[in-house]
Structures are given as C-alpha cells and as structure tokens.
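All ligand and atom numbering here is 1-based and tracks the order in the structure. As the structure is a prediction and not an experimental result, all values here were calculated from the model. Values below: every heavy atom of this structure, side chains too, minus hydrogens, waters and symmetry copies.
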Amino acid sequence: MRIAISTGGGDAPGLNAVIRAVVLSAHQRGWETVGISRGYDGLFSDLPGGLIPLGPDQVRGITHLGGTILGTTNRGNPFEWPRLQADGSIVEEDCSDELLVSFRRHQLDALVAIGGDGSLGIAHRLFLKGIPVVGVPKTIDNDVWGTEATFGFDTAVSTATDALDKIHTTAESHDRVFVVELMGRYAGWIALHSGLSGSADVILIPEIPFDIERVCAKIVERERRGRRFSIVVAAEGARPAGGQIVLRERRAVGRAERLGGIAEAVGAAIEERTGKEVRSLVLGHLQRGGSPTTFDRLLALRFGSAAVRAVAAGDFGSCVVYAPPNVSRLPLTDIIGRPKLVPLDSGIIMTARSLGICMGD
Ligand code: F6P
C-alpha cells in the first residue's frame, strides 16, 4: 500500500502532526507514504521534490512545528487549475484527468487529503473520479461541518486571546477603543471564543449582523461607568445588518476572494459617533502560525492515525471527524458545502450575553 498525503488551502497549526501520525501509522503496517508538495502541484510536474517520500526519519520532531512540511496553496484546485495561455492570460482549466493519470502512474493506492471545506470538496470530486480518498478536516476557522473541532482552531484562539490581553493594557492606559479584526470568513468561532476568553466588550460575528448604534451604546455606557476604554472584536466576515462583508480583493482567476477591513470601518464609525479615540488592528496570519497547542497536537495525531485506519478499512470517500470523546468517520458528502456556523442559541453566545458582552444586536 502506498499512501499519498496532500495539504491544501490555508495552513493551520497541527498539519505536521497529522502528517507524522499518518506516516508512522502507515509504517507500522508496513505501508509506504509519500507527500505531495504544495497541495496537488507535486502531482502535476515531474520535477524533483514534487512527491516527497516520507518515512519515520522524515517526520521526526515535527509534531510541535506550525505550518506544513509539504507546503500548501489556496490556488490548487485541479478542477479549476490556473493555466497560463499563449496570449499571457490565465484561464482556469479542469486538469483533474491529468491528476488521475499521474496518481496512477506513481502507483499510489490512497490519498489522505487534509483540508478545509474547499479542499475536502475537491477531495470528494477526486473520489468520484476514482481516487480512493480519506479526508482530514483542517482550518483555524473551525467551520467544517460534522466535526466538533478542527485542529488549528484551539491554537488560533490562544494566539488571539493572548493578543487581546496585550491590547487591554495599552487600551486602558490610553482610554482608547480598540477594534481587533480576527479571522473567520463566514463563521465567528475564533472571534467568539477568544473575545469571551480575552474579556472583549463587544464581539461581532458573521452570524449576527450588527447595528453600529448598539456597539456605540455599549461603549458610551461603559464610559458612563468610568470604564473609559473598550475592546471590540470583529470576525473578518462580520457585517452590519443590511450591509455587505468588507472585501480586500474580489475573487480572481484561481483565487478566492480576500476579506479584510471590517476593523477599520467599524473603528471609523465608532470614532465618528462617540468622539472616542479609536485604534484598529488586524491580527491576520499570526493566527495561523506558531506551535500547535496540546489540544491541537492530540487532535491532529488522532486524526492522522484514524485516517490510516480508514484506509485499512477501505472506507474511502469518508472524512475523519471529532465526535467527543471519539474520533470517528462521516461520508464526505455529509460534510462538504455546508459551513458549520455558530448556532445562535449556542452556550458560548448565551454566556457572552449573560456577561453583558454586546453581540452587536
Ligand atoms: O484558513 C482560513 C483563513 O484563515 C480565513 O479565515 C482567511 O480569510 C483566510 O484563511 C486567509 O487566507 P490567505 O490570506 O492565505 O488567502
């Protein structure tokens, strides 16, 4: 048995731990493992380094390392592959047949595809084309359906909470309002969990369109109580009721749209309405970096070994998921195309409201 591993989409702390667990679990069974470099790039070229043989020696000491030793890309959809044309333009082409040929030519028997909703959707389409696929859910945004948690989320929340702790001291010293933009395109998990842990006064998430007047009322009310600083946390996908998400870049050929700018917009609106001095901050890719937390390492290692058990069971077209206390499997069809949003009646939102945190509504 020769298993290929791919890491696609944005990186997340814990990817290397999954890779190590797949390699070691496969090795225990006497199977070989190869890593595909940069998503599926490595299958499209015969250049050295495209496919990376992985054994126990290659994955030694990587559990605690952020990033992915295989590299990744969010422009690597084989069904919409950006190809340079003779006239210099770039056009998306369906190159999945080429990928299938390459997969077979390299005598690969199974693919462990580690990715978020987009990459798992691609994995499912590859499965339908005949590639034996097992998915592993990854994203710091925690928005993959069917799994209680994705690895990388806990680390991102820790990083964001740490940042909020630091912002607090300077905000309080200067009597300022800080608006901190956190990742979370369509789901507000990071903003909600870190906002609550980091004692934010306002938390804006995509699931609850906000009213800027409510946000300002909270800040003014704090001011009246002598709390002359405030911390507003906004997921990048937060938007005003009746308004749009703020985009930094529209979708272009081979690339997803880029969100960003909500903190600045909310900050300007607060300054205008309250007269408070406001600073905004985008935490950005810091949330994707660093060493995975213990929780993420364990989850990643459990996912990797469970993926190899799925291969052994011949359960292809499936995805490993965390269903506490166990790691189990679901068909990819149950998971893809339906982002896991924060339920409006979730305990965490109820806790935030009970503590007097303004959710923007
Ligand atoms: O991994 C998901 C995510 O963190 C989103 O929250 C964010 O919008 C996106 O990645 C940014 O990705 P990049 O800048 O790498 O395209």
Gap separating the CE atom of Met359 from the CG atom of Asp211, nearest 0.5 angstrom: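 Interatomic distance, Met359 CE to Asp211 CG, rounded to 0.5 Å: 14.0 Å.
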Does NZ or CZ of Arg302 lie under 6.0 Å from the centre of the six-membered ring of Tyr322, at an angle within 45° of the ring axis?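 Not flagged: Arg302 not positioned over aromatic ring of Tyr322.
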In terms of side-chain heavy atoms, does Thr73 have a donor or acceptor partner in Arg38 at a distance below 3.5 Å?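 Per modelled atom types, Thr73 and Arg38 side chains form no pair under 3.5 Å.
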Option whose closest heavy atom lies nearest to atom 14 (O) of ligand 1, chosen from Glu236, Lys138, Arg248, His285: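 The residue whose heavy atom sits nearest atom 14 (O) of ligand 1 is His285.
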Around atom CZ of Arg29, are there more than 12 heavy atoms of other residues, nucleotides or ligands at under 6.0 Å?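 Yes, CZ of Arg29 has more than 12 neighbouring heavy atoms, counting only those of other groups under 6.0 Å.
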Among all the protein's non-hydrogen atoms, which is closest to atom 4 (O) of ligand 1, and how far away is it?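 Of the protein heavy atoms, Met183 SD, 2.9 Å lies nearest.
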Atom 12 (O) of ligand 1: nearest protein contact (heavy atom, Å):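 Atom 12 (O) of ligand 1 sits closest to the protein heavy atom Arg288 NH1, 3.1 Å.
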Counting each atom of ligand 1 from 1 as listed, which ones have a heavy atom of Ile140 under 4.0 Å away?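 In order of numbering, the contacting atoms are 4 (O).
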Give the numbers and elements of all ligand 1 atoms closer than 4.0 Å to a heavy atom of Gly184.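 It comes down to these atoms of ligand 1: 6 (O).
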Polar contact flag for Asn74 and ligand 1 (N/O pairs, less than 3.5 Å):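 Yes, Asn74 has an N/O under 3.5 Å of an N/O on ligand 1.
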Is the closest N or O pair between Asp141 and ligand 1 shorter than 3.5 Å?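 There is such a contact, yes.
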Give me each pair satisfying salt bridge (Lys or Arg N to Asp or Glu O under 4.0 Å) with a member in residues 304-314, each pair once, sequence neighbours excluded.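 Output for this query is empty, none listed.
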Classify the ring geometry of Phe44 against Trp81: parallel below 30°, tilted from 30° to 60°, perpendicular beyond 60°.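 Geometry flag for Trp81 against Phe44: tilted rings.
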